[in-house]
There are 2 protein chains.
Amino acid sequence: MRIGELARRAQVSGRALRYYEEQGLLTPDRQPSGYRDYGEADVETVRRIRVLLAAGLPTSIIAEVLPCMVDAAGPGGALAPGCPELLPHLEGERDRIAAAIADLTAAHRLLAAVIAATPAMGATPGACAPADGT
Amino acid sequence: MRIGELARRAQVSGRALRYYEEQGLLTPDRQPSGYRDYGEADVETVRRIRVLLAAGLPTSIIAEVLPCMVDAAGPGGALAPGCPELLPHLEGERDRIAAAIADLTAAHRLLAAVIAATPAMGATPGACAPADGT
DNA sequence: CTTGACCTTGACGTCAACGTGAAGCTTTAG
DNA sequence: CTAAAGCTTCACGTTGACGTCAAGGTCAAG
């Protein structure tokens, strides 16, 4: 398929797909016209990229892990065995994500506490922060 | 205390502290010399700022929630009741954080799966990704 | 007084993941 | 045939949270 279709099916912009290629995350074939020619598997690959990006991993890291999860067949996204040389690196990233989850959880608790401490709305002096003119 | 001490005690750069002031997160007094003069409570405030920043909240939002958690006395960071007008906004942020946690958790699972699928190190072809010259 | 550490305000640089034209080729619809 | 999508490669713009000089003022020690 061409870039537009993949963009629609994977819910990303064409620009993003070109960027991913530039970063080595995707390497589509080319039609004689020069148009990019993506395969079906790329849809799933892009989804994985989005998951990892959403987790804050930079494209350079994703480029390393992607070939380790080439494909397989499964709804949950099964994986193939990968490259043991990157293992400590991957474990480091995994731990960084765990730490990030801890941070977010702390922030979540903080916000939840603030929300819980908020007097219910409707009956208050009203003078707090300027609240900014929106 | 002056900016250098706060920087050391709160584990941030002086530049960051000036930036926080610029964004309205901190408003230290000034000594006649023009030097910033921070109070003890600012150490904790900066820690909270860091937690929320680490969670991906922009400084503009943090500026809104900070006055809602003015202070109190507690090891976990107790809170004062806040501004009900911001409540829906805060709930939105809280949900966004929850979504981010979900993303991170998904990525964590993905990485953990890759790691688990990695053949243990030591006995493999070795040809995988170029591994990049570092 | 001099040195040196620490402080001040600008103001430009950085990094990541794209957005957004610009100028031109290709393919599809009619 | 023409017009309209859709594609191509540059290449600069954006956003956020700072880093990093630059050009000084201030303060404690000797």
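Everything quoted here is computed from the prediction, not taken from an experiment. The chains referred to below are lettered A, B, ... by the order of the sequence lines, with proteins before strands, and numbering in each begins at 1. Just the heavy atoms: all of them, side chains too, but no hydrogens, waters or symmetry mates, feed the values below.
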I want to verify a distance call: between C:dT27, C:dC7, D:dG19, whose nearest atom is closest to the B:Ile3 side chain?
C:dC7
Nearest-angstrom distance from the residue atom CD1 of A:Ile61 to P of C:dA17
10 Å
B:Tyr20 side chain near D:dC18 phosphate (N/O to OP1/OP2, under 4.0 Å):
yes
Looking only at side-chain N and O atoms, does A:Arg18 come under 4.0 Å of OP1 or OP2 in D:dT8?
yes
Given D:dT9, is OP1 or OP2 found less than 4.0 Å from the side-chain N or O atoms of A:Arg36?
yes
Value in whole Å for how far the C1' atom of D:dA17 lies from CD of B:Gln23
9 Å
Nearest-nucleotide wise, let me know which of A:Arg2 and B:Asp37 is further upstream toward the 5' end of DNA chain C.
B:Asp37
When you measure from the side chain of B:Asp42 to the backbone N and O of B:Gly39, does any donor-acceptor pair fall under 3.5 Å?
yes
Any chain of hydrophobic side-chain contacts (each under 4.5 Å) joining B:Tyr19 to B:Tyr35?
no
B:Leu53 side chain: which of D:dA17, C:dA17, D:dG6 is closest?
D:dA17
Taken to the nearest whole Å, OH/B:Tyr38 to C1'/C:dC7 is 11 Å
Heavy atoms only, 4.0 Å cut-off, all strands: where does B:Leu57 land among base, sugar-phosphate and nothing?
sugar-phosphate
Short side-chain N/O contact to C:dC7 OP1/OP2 from B:Ser33, under 4.0 Å
no
I need the CD-P distance between B:Gln31 and C:dT8, as an integer number of Å.
9 Å
Starting at CG of A:Leu52 and ending at P of C:dA17, how long is that distance when rounded to a whole Å?
12 Å
Looking at every strand, decide which applies to B:Leu17 at a 4.0 Å heavy-atom threshold: base, sugar-phosphate, or nothing.
nothing
Atom of A:Leu17, atom of A:Tyr38 and distance for their closest heavy-atom approach:
CB-OH, 4.0 Å
In plain terms, say whether A:Glu5 and A:Arg2 are close enough for a salt bridge, that is, a side-chain N and a carboxylate O under 4.0 Å apart.
no
Of the listed C:dC18, D:dT26, D:dC18, the closest approach to the B:Arg50 side chain comes from D:dC18
Taking atom P of D:dA11 as reference, at what distance in whole Å does atom CZ of A:Arg15 sit?
13 Å
What's the separation between atom CG in A:Leu66 and atom CG in A:Leu26, rounded to the nearest 0.5 Å?
7.5 Å
How close or far is atom P of D:dT8 from atom CD of A:Glu22, stated in whole angstroms?
14 Å
Is there a donor on the side chain of B:Tyr35 or the base of C:dC6 sitting less than 3.5 Å from an acceptor on the other?
yes
Could you tell me which non-hydrogen atom of A:Asp103 sits nearest to which non-hydrogen atom of B:Val51, and how far apart they are?
O-CG1, 4.4 Å
Spacing between B:Ile62 atom CD1 and D:dA17 atom C1', to the nearest angstrom:
10 Å
Whether A:Arg30 contacts D:dT9 is assessed here as follows: a side-chain N or O lying under 4.0 Å from the phosphate OP1 or OP2. Is that the case?
yes
Ignoring backbone atoms, test whether B:Ser13 places a side-chain nitrogen or oxygen under 4.0 Å from the OP1 or OP2 oxygen of D:dC18.
no
I want to verify a distance call: between D:dA17, D:dT8, C:dT20, whose nearest atom is closest to the B:Tyr19 side chain?
D:dA17
